[in-house]
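For reference, the structure discussed in these notes is given below.
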Amino acid sequence: MRKLRSLIIPGIDKDLLVKDATKLMPDLSRRRFIASGASFGALTLLTGCDVSDSLSAENLLTHMSKFNDMVQARIFNPNTLAPTYSEKDIKRPFPFNAFYAEDDAPDVDGKEWKLEVSGLVQNKKSWTLDELHKLPEVSQITRHICVEGWSAIGSWQGTPLRDFLKLVGADTNAKWVHFRCAEDYTSSLDMPTAMHAQTQMTFKFDNQLLPRAYGFPMKIRVPTKLGFKNPKYVVAMEVTNDYKGGYWEDQGYNDFSGS
Ligand SMILES: Nc1nc2c(c(=O)[nH]1)N[C@H]1C(S)=C(S)[C@@H](COP(=O)(O)O)O[C@H]1N2
Ligand SMILES: [Mo]
């Protein structure tokens, strides 16, 4: 393992780290990792380590032989929980990210806003924010990982998406839940991920009403997927068997991915 030291340069060249890690993976995992896009974010998500400093990057490489188990646990078992953290780990201020600058983020009027629910559901009623705020609240402190190469731990409160899907009589044998956002951003979740215990319809960040930057009035928090699969400013949810892709999914980011 001493040999690996020379593979890493201080400050972390992310492409290099992905390349080195890929080389060290067992065969089957390597093929799956490459098929899923072989991104730095996927590496972070799959290993569960923050590999953004040179020490943990080196540590990660020395453990690459365990990658088969990690891949099994994190990609192929839909019940595996994302790691959770404590209050002191929360990143403040939390980073903003979107395909535009923060000033251009949608400024949604919470009184006018409604969540449209459509597709393979028994009750297609639209929901007001007041109605959604009455749903039972759970909290999570988890790591958000963006493919662009940053990650941050945050705290999100809301109601489990799976409880909401059951409430509206969604066909949970359907393949996808597709989300549309106020500025026409879109993203799709496969049903096992939508039904994952930690996938959350989120109304608060750090116990405060979701700020505009982080997706007011509602985002979907998915700690088992990369950041781009966490749609903010959600206005519509559709349960469907047809794959509808998404903003980044359509530009070649692997769908499974993030993972
Ligand atoms: N509506 C919408 N949701 C979005 C995006 C976006 O551009 N529009 N960007 C995604 C990406 S790539 C990331 S990393 C996260 C960033 O969320 P944050 O601003 O709360 O950190 O939002 C995701 N959800
Ligand atoms: Mo992202």
Side-chain angles (χ1 to χ4, degrees), residues 11-12 14 39-53 56-57 74 81-110 113 115 129 132-133 135 137-161 179 181-187 189 193-194 196-235 246-248 253 257-259:
I12 292 309
K14 292 182 172 117
S39 70
F40 177 73
L43 191 63
T44 309
L45 193 68
L46 287 169
T47 56
C49 0
D50 181 7
V51 283
S52 51
D53 67 82
S56 41
R74 291 182 192 272
L81 295 179
T84 56
Y85 301 87
S86 63
E87 287 282 330
K88 65 170 182 9
D89 302 317
I90 297 171
K91 176 98 170 168
R92 299 189 175 91
F94 195 81
F96 164 87
N97 200 39
F99 63 92
Y100 42 76
E102 185 165 344
D103 284 348
D104 298 326
D107 199 356
V108 176
D109 179 349
W113 177 90
L115 175 69
L129 196 50
L132 291 171
H133 281 171
L135 297 172
E137 185 182 282
V138 295
S139 182
Q140 63 170 273
I141 301 178
T142 49
R143 184 185 294 281
H144 172 112
I145 301 162
C146 175
V147 265
E148 288 168 48
W150 59 272
S151 82
I153 291 166
S155 148
W156 291 272
Q157 291 73 38
T159 213
L161 178 61
F179 299 96
C181 307
E183 63 337 10
D184 283 340
Y185 186 88
T186 51
S187 189
L189 290 179
T193 302
H196 186 277
Q198 289 167 308
T199 299
Q200 191 189 82
M201 277 170 93
T202 300
F203 305 106
K204 292 180 184 166
F205 181 85
D206 214 359
N207 292 298
Q208 306 290 321
L209 212 54
L210 211 54
R212 176 178 163 201
Y214 309 141
F216 180 82
M218 187 184 101
K219 71 171 271 172
I220 306 294
R221 173 68 191 129
V222 192
T224 55
K225 294 283 176 195
L226 288 174
F228 77 87
K229 285 193 163 288
N230 290 236
K232 308 190 282 186
Y233 322 102
V234 173
V235 294
Y247 182 87
W248 289 111
Y253 281 94
S257 150
S259 49

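This chain uses plain numbering: 1 for the first residue, then up along the sequence.
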Does any N or O in the side chain of Thr224 come within less than 3.5 Å of the main-chain N or O of Ala82, such that one atom is a donor and the other an acceptor? no
Looking only at non-hydrogen atoms, find the nearest pair between Met218 and Ile220 and report the distance. CE-CD1, 3.8 Å
Donor-acceptor check, side chain of Arg212 to backbone of Val108, threshold 3.5 angstrom: yes or no? no
Side chain Tyr214, main chain Phe94, donor-acceptor under 3.5 Å: yes
I'd like to check His196 versus Val222 (side-chain heavy atoms, cut-off strictly below 4.5 Å). Are they in contact? no
So Lys14 and Thr44, do their side chains get closer than 4.5 Å, heavy atoms only? no
Quiz question: by atom type and distance under 3.5 Å, do the side chains of Glu137 and Ser139 form a donor-acceptor pair? no
Is there a donor-acceptor pair closer than 3.5 Å between any side-chain N or O of Gln140 and the backbone N or O of Gln198? yes
Would a 4.5 Å heavy-atom cut-off, applied to side chains only, mark Arg143 and Ile153 as touching? yes
Polar side-chain atom of Lys232 near backbone of Asn97 as donor-acceptor pair, under 3.5 Å: yes
Counting N and O atoms only, with roles assigned by atom type, does the side chain of Trp248 sit under 3.5 Å from a partner on the main chain of Ser187, one being a donor and the other an acceptor? no
For the pair Tyr233 (side chain) and Ala213 (backbone), establish whether a donor and an acceptor sit closer than 3.5 Å, ignoring hydrogens and angles. yes
Restricting to non-hydrogen atoms, name the atom on Thr193 and the atom on Lys225 that form the minimum distance, rounded to 0.1 Å. OG1-CE, 3.4 Å
Say whether Arg221 and Thr142, considering side chains only, have a donor N or O and an acceptor N or O under 3.5 Å apart. yes
Nearest heavy-atom pair of Tyr100 and Pro106: which atoms, and what distance? OH-CD, 3.4 Å
Anything under 30° is parallel, anything over 60° is perpendicular, the rest tilted; go ahead and classify Trp156 against Phe205. perpendicular
I'd like to know if the side chain of Tyr85 and the backbone of Ser155 have a donor-acceptor N/O pair within less than 3.5 Å. no
Would Leu115 and Met201 count as a side-chain contact (heavy atoms from CB on, under 4.5 Å) here? Give the steps. CA-CA 11 Å; Leu115 175 69; Met201 277 170 93; 3.7 Å; yes
